[in-house]
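First up is the structure itself, then whatever we jot down about it.
Predicted model, so just to flag it, every value in this text is computed and none were measured. Throughout, a chain's letter reflects where its sequence line sits, starting with A, and its residues are numbered from 1.
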Amino acid sequence: MWNLSIEYIYLISIILFIIGLKKLGHPETARKGNLIAAAGMGLAIIVTLFTPLEGASNNYLWVVAGMLVGSAIGFVAAKKVLMTKMPEMVSLFNGLGGACSMLIAIVELNNMGPEASLGNAQGLTTIFALFIGSISFTGSIIAYGKLDGFLRDTLVLPAPQFINTGLLLVIIAYSGYLMTLPVVDFNLTLILLALSLVYGVTFVTPIGGGDMPVVISLLNSFTGLGAAGAGLIYDNKVMVVGGILVGASGTILTILMCKAMNRSLINVVIGGFGSSAKAVG
Amino acid sequence: MLEFLQNNLLMIYILTFAVFTGMEVISKVPTVLHTPLMSGANAISGVVIIGAILLIRQAQPDDYLVLILGFLGISLAMINVVGGYAVTDRMLDMFKKKKKS
């Protein structure tokens with residue numbers, strides 16, 4: 001009975017997310033929409049804390065400590081940040097969410113044990129969460145650095161499109177290789193982690209500072225997809241639906257932002273340094 | 001793979017509908033609301049914290065590697081959640097005042 005209630009409370013959370021997002025899109029209701037979405041999140045977190053798990057040792061001390069530390073840092077950072085530094089802050093927060101997907105995927109890969117194979121749906125979703133979480137993490141940090149100014153905008157790679165496409169192909173091929181192995185050593189998945197982290201850096205580095213808000217929005221939808229991937233690992237509907245909602249609405253928002261700048265998304269992503277010079281001039 | 005598709009038919013339906021809902025919810029957003037909306041959506045993506053909570057709750061009490069990684073995961077996601085909603089609220093607050101004056 002209680003287990004069934006939990007599923008329904010998750011459903012309420014999802015409804016609150018959707019209503020919140022909808023209201024966030026209208027000037028008069030935006031603030032209320034944000035609070036509604038926050039209520040949905042609070043509900044989902046509380047329910048997750050009390051979900052009965054068979055044979056689990058709960059470790060509530062660790063859970064509560066993590067939540068307190070995170071809340072304190074997040075709250076202080078949000079209150080202290082200068083109004084002009086808001087996009088940077090959003091980017092940094094977003095990267096941390098991506099890092100969480102990444103950490104979950106690492107632990108799950110480690111938990112699979114030395115005899116596990118990744119050649120199944122579970123393996124695929126875990127690899128996906130690891131890949132997309134890592135990109136979102138390092139990509140957001142680079143976006144933060146570029147907006148904040150501690151990374152120079154002129155920092156470019158030679159032939160970025162070539163490097164990025166090549167690296168992406170290597171990552172896909174390597175993931176495929178891992179999935180065909182009958183037994184996967186945990187250390188082999190760490191190579192995938194490293195490649196994904198590097199890809200996040202090379203993906204964002206060529207993009208000019210003026211285009212960063214668009215990139216942050218794009219990385220935000222990546223984080224949503226990462227959360228959905230992690231949700232598939234736990235078969236948790238609020239994570240899957242919440243993540244996909246952010247992934248889809250984030251993508252639409254990214255396209256809207258590009259349109260507002262009279263650009264196409266492809267143009268922003270592969271435009272590289274030249275586009276930023278154009279934006280300045 | 002085929003077995004997975006068969007066993008998770010409902011989840012695949014949910015995924016599909018969530019994609020369309022997400023795309024429909026965001027339409028005709030005024031340009032001024034782009035950044036707050038991005039920030040609000042970012043806070044929602046902090047829903048990944050639920051995975052981190054489940055991860056720690058299922059860990060062995062002496063498995064310190066998992067506990068520490070899980071603790072990190074919860075902290076980072078909680079920064080995303082709390083900070084995300086708080087920053088969005090501040091942005092929208094400023095927006096409202098600016099409109100009035």
Gap separating the [atom1] atom of [X] from the [atom2] atom of [Y], nearest 0.5 angstrom:
X      : Y      : atom1 : atom2 : answer
B/N42  : B/T88  : CG    : OG1   : 7.5 Å
B/L65  : B/L69  : CG    : CG    : 4.5 Å
A/L225 : A/I135 : CG    : CD1   : 10.5 Å
A/I216 : A/S221 : CD1   : OG    : 12.5 Å
A/F17  : A/M41  : CZ    : CE    : 4.0 Å
B/M91  : B/L37  : CE    : CG    : 10.5 Å

With a 4.5 angstrom heavy-atom cut-off, could you sort out which part of [X] is near chain B: side chain, backbone, both or neither?
X      : value
A/K23  : neither
A/A260 : side chain
A/M89  : side chain
A/V246 : side chain
A/L96  : both
A/A77  : neither
A/F137 : neither

### Summary
For B/H34 and B/V29 the tightest heavy-atom approach is NE2-O, 3.5 Å
Leading residue by heavy atom contact count with chain A [cutoff under 4.5 Å; candidates [options]]:
options                    : answer
B/V81, B/V82, B/I44, B/I49 : B/I44
B/R90, B/R57, B/K28, B/M78 : B/R57
B/G84, B/G70, B/P36        : B/G84
B/A43, B/G46, B/S39, B/S27 : B/S39
B/G73, B/G22, B/P30        : B/G22
B/G40, B/G51, B/A52        : B/G51

#### Entry: Neighbour count >12 (heavy atoms, 6.0 Å) for atom CD, A/E7
yes
### Message
Does B/F17, at its CZ atom, have more than 12 non-hydrogen atoms belonging to other residues, nucleotides or ligands within less than 6.0 Å?
### Response
no
## Note on the structure
Taken in chain and number order and not counting sequence neighbours, the residues that satisfy side chain to side chain contact (heavy atoms under 4.5 Å, CB included) with B/A86 are A/A78
## Note on the structure
Filtered by a 4.5 Å non-hydrogen cutoff, the part of residues 60-70 of chain A contacting chain B is A/Y60, A/W62, A/V63, A/A65, A/G66, A/M67, A/V69, A/G70
#### Entry: Contact class of B/I68 relative to chain A, heavy atoms under 4.5 angstrom
both
### Query
By a 4.5 Å heavy-atom criterion (distance strictly below it), what part of B/I56 contacts chain A: side chain, backbone, both, or neither?
both
Does [X] use its side chain to pair, donor to acceptor, with the backbone of [Y] at less than 3.5 Å?
X     : Y      : answer
A/N94 : A/S140 : no
A/Y10 : A/V47  : no
A/T48 : A/A44  : yes

### Task
For the residue pair B/L15 and B/V19, establish whether any side-chain heavy-atom pair is separated by less than 4.5 Å.
no
### Student check: side-chain heavy atoms of A/L232 and B/M11 closer than 4.5 Å
yes
Look at [options] and state which one has the largest set of heavy-atom pairs under 4.5 Å with chain B.
options                       : answer
A/A37, A/S217, A/G226, A/G20  : A/A37
A/L49, A/L219, A/V240, A/N236 : A/L49
A/G97, A/G224, A/A38          : A/A38
A/I14, A/I73, A/T223, A/L53   : A/L53
A/A230, A/A30, A/G229         : A/A30
A/S57, A/G119, A/A227         : A/S57

### Task
From the options A/K32, A/K79, A/R31, select the one residue that forms a salt bridge (charged side-chain N to carboxylate O under 4.0 Å, His left out) with B/D89.
A/R31
